[in-house]
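Below: one structure, written as structure tokens.
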2 protein chains.
Amino acid sequence: MNTNKLFSEEQKKAARYAKAMAHPVRMYVLELLSKQSCCYSGDLSEVLPIAKSTLSQHLKELKDAGLIQGEIESPKIKYCLNKENWEEAKQLFKNRFNL
Amino acid sequence: MNTNKLFSEEQKKAARYAKAMAHPVRMYVLELLSKQSCCYSGDLSEVLPIAKSTLSQHLKELKDAGLIQGEIESPKIKYCLNKENWEEAKQLFKNRFNL
DNA sequence: TTCGTAGTTCGCAAACTTACGAACTAAATT
DNA sequence: AATTTAGTTCGTAAGTTTGCGAACTACGAA
């Protein structure tokens with residue numbers, strides 16, 4: 001399917017963000033971060049019933065989608081929302097669906 | 001992964017709704033319906049660059065997720081948002097992310 | 001310099017998604 | 001009864017996602 005002209009960039013972005021949210025683990029992480037600003041991936045690892053490698057994969061997806069960012073605080077990594085993109089995502093959803 | 005106790009039902013629902021939105025075609029349909037209350041799948045078929053069978057599949061996903069409902073108006077089918085679930089989805093997103 | 005901690009990458013398997021065309025169903029029209 | 005219209009279902013192919021454990025990297029502490 002050639003999507004070049006048929007969907008707006010905004011629709012594609014909104015769908016992309018929705019995809020990043022489309023898994024309970026990732027929803028959990030986003031929800032946590034939207035409430036407490038930061039967390040360590042070790043803390044997530046303790047609480048979530050998945051292998052570390054799997055968690056790492058989910059965090060990578062959130063990073064690739066632009067919704068979170070990690071900061072090294074050796075030996076841990078501190079994750080926060082990427083505020084700019086997070087605001088964009090919220091705006092996209094609000095505008096589309098008048099939430 | 002056993003998700004029985006680890007994520008709230010609400011997180012799972014929210015992720016489920018996000019998944020339904022996680023494709024440009026489905027985002028397009030939802031956006032349209034949130035703006036104009038109804039549409040015929042034939043109209044969508046004319047405007048979207050995908051095979052009828054593929055569109056049918058996407059509409060089925062939205063139906064299965066509970067976000068839309070179809071009503072037969074022979075020989076066409078009229079689609080609308082499923083208002084109850086749509087409100088639920090919006091509420092879930094608002095509450096989670098204080099949008 | 002070796003060890004432990006924290007996290008990532010690799011390789012793989014199983015399941016799911018996306019897309020298509022062909023064949024099908026259901027109902028209204030001719 | 002045959003045709004047309006509108007949409008669904010089936011079978012299939014290619015690609016993506018989810019998950020795991022094992023092997024790896026990076027780096028601070030002993």
Side-chain angles (χ1 to χ4, degrees), chain A residues 1-4 6-7 11-12 14-30 32-33 38-80, chain B residues 1-7 11-12 14-30 32-33 38-65 67-80:
Chain A
M1 183 179 58
N2 171 13
T3 66
N4 283 337
L6 285 188
F7 307 107
Q11 267 154 4
K12 285 191 261 176
R16 181 75 179 79
Y17 285 132
K19 194 174 173 190
M21 297 189 236
H23 189 286
V25 165
R26 299 194 298 264
M27 186 57 78
Y28 175 91
V29 172
L30 290 173
L32 189 71
L33 288 178
C38 285
C39 72
Y40 292 94
S41 84
D43 303 348
L44 296 172
S45 190
E46 265 165 43
V47 101
L48 295 172
I50 54 174
K52 280 198 310 171
S53 55
T54 306
L55 175 60
S56 190
Q57 234 173 150
H58 284 301
L59 292 173
K60 182 172 188 310
E61 280 205 51
L62 289 172
K63 247 188 288 174
D64 290 351
L67 289 175
I68 66 170
Q69 58 202 166
E71 197 185 320
I72 296 170
E73 275 192 11
S74 263
K76 300 189 179 187
I77 296 180
K78 188 172 81 175
Y79 284 99
C80 313
Chain B
M1 183 178 53
N2 171 13
T3 64
N4 283 337
K5 285 282 147 144
L6 284 184
F7 307 107
Q11 268 155 4
K12 284 191 258 176
R16 181 76 180 78
Y17 285 133
K19 194 174 172 189
M21 298 189 238
H23 188 284
V25 165
R26 300 194 298 265
M27 186 57 76
Y28 175 91
V29 172
L30 290 173
L32 189 71
L33 288 178
C38 285
C39 73
Y40 293 94
S41 83
D43 304 346
L44 295 172
S45 191
E46 266 167 42
V47 100
L48 294 172
I50 54 174
K52 279 198 310 171
S53 55
T54 306
L55 175 60
S56 191
Q57 234 173 147
H58 284 300
L59 292 173
K60 182 173 186 312
E61 281 206 51
L62 289 172
K63 246 188 289 177
D64 290 351
L67 289 175
I68 66 169
Q69 58 201 166
E71 196 185 319
I72 294 169
E73 276 192 10
S74 263
K76 299 187 177 187
I77 296 180
K78 187 173 81 174
Y79 284 100
C80 313

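Naming: A, B, ... by sequence-line order, numbering from 1 per chain.
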**Q.** From A/Gln69 atom CD to A/Tyr79 atom OH, the distance as rounded to the nearest 0.5 Å
**A.** 11.0 Å

Q.
If I take atom CZ in residue B/Arg26 and atom P in nucleotide C/dT17, what distance separates them, rounded to the nearest angstrom?
A. 8 Å

Q.
Please pick, from D/dT8, C/dT8, D/dG21, the nucleotide with the shortest atom-to-atom distance to any side-chain atom of B/Tyr79.
A. D/dT8

Q) How long is the gap from NZ on B/Lys78 to SG on B/Cys38, to the nearest 0.5 Å? A) 4.5 Å

Q: Check the distance between C/dG7's C1' and A/Glu73's CD and give it to me in whole angstrom.
A: 15 Å

**Q.** Residues from residues 54-69 of chain A lying under 4.0 Å of DNA chain D - heavy atoms
**A.** A/Thr54, A/Gln57, A/His58, A/Glu61

Q.
What's the separation between atom CG in B/Leu44 and atom CG in B/Leu32, rounded to the nearest 0.5 Å?
A. 6.5 Å

Q | Rounded interatomic separation in angstrom, taking NE2 from A/His23 and C1' from D/dG19 | A | 9 Å

Q: Ignoring backbone atoms, establish whether A/Ser41 has a side-chain N or O less than 4.0 Å from OP1 or OP2 of C/dG7.
A: yes

Q) Rounded to whole angstrom units, what separation is found between the OH atom of B/Tyr40 and the P atom of D/dT5? A) 18 Å

Q) Would you say the side chain of B/Tyr28 lies within less than 4.5 Å of the side chain of B/Val47, judging by non-hydrogen atoms? A) yes

**Q.** Heavy-atom closest pair, residues A/Ala15 and B/Met27
**A.** N-CE, 3.7 Å

Q: Let me know the distance between CE of A/Met21 and P of D/dT18, rounded to the nearest Å.
A: 14 Å

Q. In whole angstroms, how far is the P atom of D/dG19 from the CG atom of A/Leu48?
A. 11 Å

Q: Take atom CG of B/Asp43 and atom C1' of D/dA6, then tell me their distance rounded to the nearest Å.
A: 12 Å

Q) Quick one: on DNA chain D, does B/Ser53 or A/Ser53 contact a more 5' nucleotide (nearest heavy atom)? A) B/Ser53

Q. Looking at A/Ser41 and A/Leu55, what are the two nearest heavy atoms and their distance?
A. O-CD2, 3.7 Å

**Q.** Shortest non-hydrogen separation from A/Ser45 to A/Lys52 and the atoms involved
**A.** OG-CG, 3.3 Å

Q: Kindly indicate whether the side chain of B/Pro24, heavy atoms from C-beta on, has any atom under 4.5 Å from the side chain of A/Lys12.
A: yes

Q: With sequence neighbours excluded, tell me which residues meet side chain to side chain donor-acceptor pair (under 3.5 Å) with A/Lys60.
A: A/Asp64

**Q.** Between P of C/dC16 and NZ of B/Lys19, the distance in whole Å
**A.** 8 Å

Q. How far does the helix from C/dT1-D/dA30 to C/dT30-D/dA1 bend, going by the axes of its first and last five pairs, to the nearest 10°?
A. 0°

Q.
At 4.0 Å (heavy atoms only), tell me whether A/Lys52 reaches a base, stays on the sugar-phosphate, or touches nothing.
A. base

Taking only N/O atoms, report every protein-nucleotides 23-30 of chain D pair under 3.5 Å with atom names and distance.
none

Q: Enter the distance from A/Leu67:CG to A/Arg16:CZ here, rounded to the nearest 0.5 Å.
A: 8.5 Å

Q | Any residue meeting salt bridge (charged side-chain N to carboxylate O under 4.0 Å, His left out) with B/Asp43, in chain and number order, not counting sequence neighbours | A | none

Q) Mind checking what makes side chain to side chain contact (heavy atoms under 4.5 Å, CB included) contact with A/Arg26, not counting sequence neighbours? A) A/His23, A/His58, A/Glu61, A/Leu62

